[in-house]
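Everything numeric here is computed off the predicted structure, so don't read it as measured data. A, B, ... follow the sequence lines: proteins, then strands. Residue 1 opens every chain.
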Amino acid sequence: MSDKLEREFLTLRRQVIEASFGRLNPVQRDAVFTVNGPLLILAGAGSGKTTVLVNRIANLVRYGTAHDSDKIFGTVTQEDVDALHALLEQGGKLTARLAGLLAVDTVRPWQILAITFTNKAAGELKNRLGDMLGADAQEIVASTFHSACVRILRREAEQLGYPSAFTIYDSDDSQRAMKELYKQQNIDDKFLPPRSALSAIGRLKDRMISPQQAEKEASDIRAKLVAQVYAGYAKRLRGAGAMDFDDLIYQTVRLFQEHPDVLERYRNRWRYILVDEYQDTSVAQFLLVSLLAGGNNNICVVGDDDQSIYRFRGATIENILSFEQHFPGAKVIRLEQNYRSTTSILDAANRVIQNNVGRKGKTLWTDNGQGEKVQYYLADNEQDEAAHIASIVGKNLKKGARLRDHAILYRMNAQSGPIETYFARAGIPYKIVGGHRFFDRKEVKDILSYLSVIANPQDDLRLRRIINEPARKIGAATLDTAANIAAGLGCSLLEVIGEAENYPALSRSLTPLKNFYEIYQELCAAAEEQTLDELVATVIDCSGYRRMLEAQGEEGQTRLENLGELVSAVKTYVEEAGEEATLEGYLEQVALISDIDGYDEEADTVVMMTMHAAKGLEFDYVFLIGMEEGVFPGQMSQYSPDDLEEERRLCYVGITRAKKELYLSRARSRMIFGKTNRYPESRFIAEIGSDLLEGEESAMPSFGRAASPAHGGARQGGMSFKSFAAGSTLASAPAPRPTAARRGAGVKFAPGDRVEHKVFGKGVVLKVTPIAGDSIVEIRFDTAGVKKTMANYAPLTRLE
DNA sequence: TATCGTAGTGTTTTT
DNA sequence: CACTACGATA
């Protein structure tokens, strides 16, 4: 074999490998083919970092280091070279022989651990890997920090003195546990509210500080109390065989620090580690990753310091800023080209973020073209803001956009209310991500608590939650005596209840306790025999929960329906997990599920969520609402420069979600938590600058704008309305509410009328039902079917 | 022990 | 405004 042939082969090999990954820019390509050693990818918003991540993993598995290597396994023949030429020119399939020649030091899929921020992101990663790698992708572990840790802890919990079926407490459980502790130890909840205590403890755990250390380092009374409460809380959870969210990380790191042999096993298993959203990792998460990567340091992290928005949860931007110190010899790659947004949008984003100090510094650019100017609307109040958004959605739909191309983003969940009300009345389909989760509803949590007591009988907290739900005449007094006995014996509450007849102190409530225990045993037996979804149905029946709800009329009926939904959710889980389906597995999935995980981008509806939840998503049309000082940036951040910078990063995240058009809005007055306030304009508006904005404002502050589709009289251009706004405060003082009376007689509808709806198009009125000063109009649309809307809210006009 | 009513309170963002 | 916690009553 000649040198010349080999050289030709190596060049060809590189070309074939590159071709198999499609279009990548030079910087992206560099990231994909950097295989070994520490790598920091600074990825701006919309820079195609997921593509890079997927391709990088695919390259590890398929080609290993072949792209930059001159190693060849086997002997190259002229035929091989010809075949590669043909492949490059005509495409086609690889033979097994060629595939072998293209690979050098490949990585087995199960040696790769990819950590993402949400389950949804992990799922997407797996899907895209599946498309590229087929069955191999199944063996790659792609999960969140929390899920990955649970996986490890389930296997190793005993080393730490926890049962392997430990319960995962959500923040609600944590709070209950904390309140019980407060009561037991007579702690003043004014001086240190349980919520603050929990978040302080959480932040200690994020920094891997134990209760003992916290005690030692406490310098003031409050810190001392936190340390004391921390110790008590930790003891309580340990006794219940439970871990909270922060424990999942904290205990895993402790496991690795204290059991080098265990760490060694996992180090050998995962030889390549990738972490997405690295800017949002905590000290504990950094330690976890660096422990696992220790040795070969094949660690690749992807992040954007400008998008760090979880400082309040213990994330330290330090992790990204000092990556090169932590991992000497680290390679740093910057992805600054944006493929998502227009120049107008990026200009606005860059203008805002450049007001922050202490960042790595980068400027996004794009060749997507200038695009429309950023729109800025000044509304009278939140209803008017909602109406304006609805009318823009209508306009865009006419231009051919779909509902699901629109996202409404806000600072806090409470802001969704007015928009939701308006959209519901107008009959515009929408979906809210976040707020109250399905699994947080009382009835659902109760049934899940039954299940978790079956899985982990040590868990007194969840037991207390359900022992008298439905009412079984087991009150607080009885439970306290039983708990005291349990504490004395050092066993669980449930064990005491099981043999209640042995304790004279419990004689008065012996029957109810025994009745409960019987139910419990019945359920345990059912857990052995039935499938998971059957078990859930059994729990609902045997516990008496169904009977209780049935006796509650309408309210109980909807709750019963929710429980029906729970049963079908479990059924879906059983079908998906197949043989792997276990009770613990299901409870774990429920505990770690997040709001965004349930977001379905296929459904054609407008979507509403917080800017936090929108991280990582993109939409053609994005509305950022409530651009007011005190709302965004929030009240809490006004006096803290650090918090303000985080708000600014959040603003940057919000702006960069938009692909085509960005709409900002502010209301002159807004009702928040029951009080009407007038907030000044958000500083972010001034930071963007009037030259990038195109303004418009509510025209006549008092007259049913909601129903009038055209913004008659709205001013266009520049920011000249600022002075106008100031002068018109008096005129706009009475809160406008679109009522039938205000709108006059001209816009009533009658059956048979031909009408046009901004969202659904043209149709015929079928029925009109007057109700409380408004009316429900039932319309058969030519294309959208039959819908009901409220006459005063729907963007509806009568056609002559 | 359960249930009803009232007073008070606290409100960001989330795995 | 919405929720919780607590107290009075059946």
Between A/I168 and A/M243, is any pair of side-chain heavy atoms under 4.5 Å apart? no

If we take the P atom in both B/dT13 and C/dT4, what is their distance in whole Å? 16 Å

5'-most contact on DNA chain B: A/F312 or A/S509, nearest heavy atom basis? A/S509

What's the separation between atom CD1 in A/I474 and atom CZ in A/R464, rounded to the nearest 0.5 Å? 12.0 Å

Just say parallel, tilted or perpendicular for the rings of A/Y663 and A/F623, cut-offs at 30° and 60°. parallel

Name the nucleic acid region contacted by A/T478, choosing base, sugar-phosphate or nothing; use a 4.0 angstrom heavy-atom cut-off, strictly under. sugar-phosphate

Roughly how far, to the nearest 0.5 Å, is CG of A/D246 from OH of A/Y169? 15.0 Å

Scan A/N468 against the nucleic acid and name what it touches under 4.0 Å (heavy atoms): base, sugar-phosphate only, or nothing. sugar-phosphate

With no hydrogens and no angle check, is any side-chain donor or acceptor of A/S174 less than 3.5 Å from a backbone partner on A/D170? yes

Contact class for A/R649 (heavy atom, under 4.0 Å): base, sugar-phosphate, or nothing? nothing

For A/K120, answer base if it contacts any base atom (sugar-phosphate contacts may also be present), sugar-phosphate if it contacts only those atoms, and nothing otherwise; contact means non-hydrogen atoms under 4.0 Å. nothing

Ranking A/R411 and A/D246 by the position along DNA chain B of their nearest nucleotide, the one closer to 5' is A/R411

I'd like to know if the side chain of A/S449 and the backbone of A/K445 have a donor-acceptor N/O pair within less than 3.5 Å. yes

Hey, does A/M636 reach any base, or is it just sugar-phosphate, or nothing, if we go heavy atoms under 4.0 Å? base

Contact boundaries of DNA chain C with chain A (under 4.0 Å, heavy atoms), 5' to 3'? C/dC1 to C/dA5

Would you kindly say whether A/R670 and A/N677 are connected by a side-chain donor-acceptor distance under 3.5 Å? no

Quick one: label A/A591 by what it contacts on the DNA or RNA (base, sugar-phosphate, nothing), any heavy atom closer than 4.0 Å. nothing

Testing A/D276, A/D280, A/D306 one by one against A/K615 for a salt bridge (charged side-chain N to carboxylate O under 4.0 Å, His left out), which residue passes? A/D280

So what does A/N119 touch, heavy atoms closer than 4.0 Å: a base, only the sugar-phosphate, or nothing? nothing

Main-chain N/O of A/I317 paired to A/D305 side chain as donor or acceptor, under 3.5 Å: no

Sugar-phosphate, base or nothing in reach of A/Y310, heavy atoms under 4.0 Å: sugar-phosphate

Outermost contacting nts on DNA chain B, any atom under 4.0 Å from chain A heavy atoms, listed 5' then 3', are B/dT1 to B/dT15

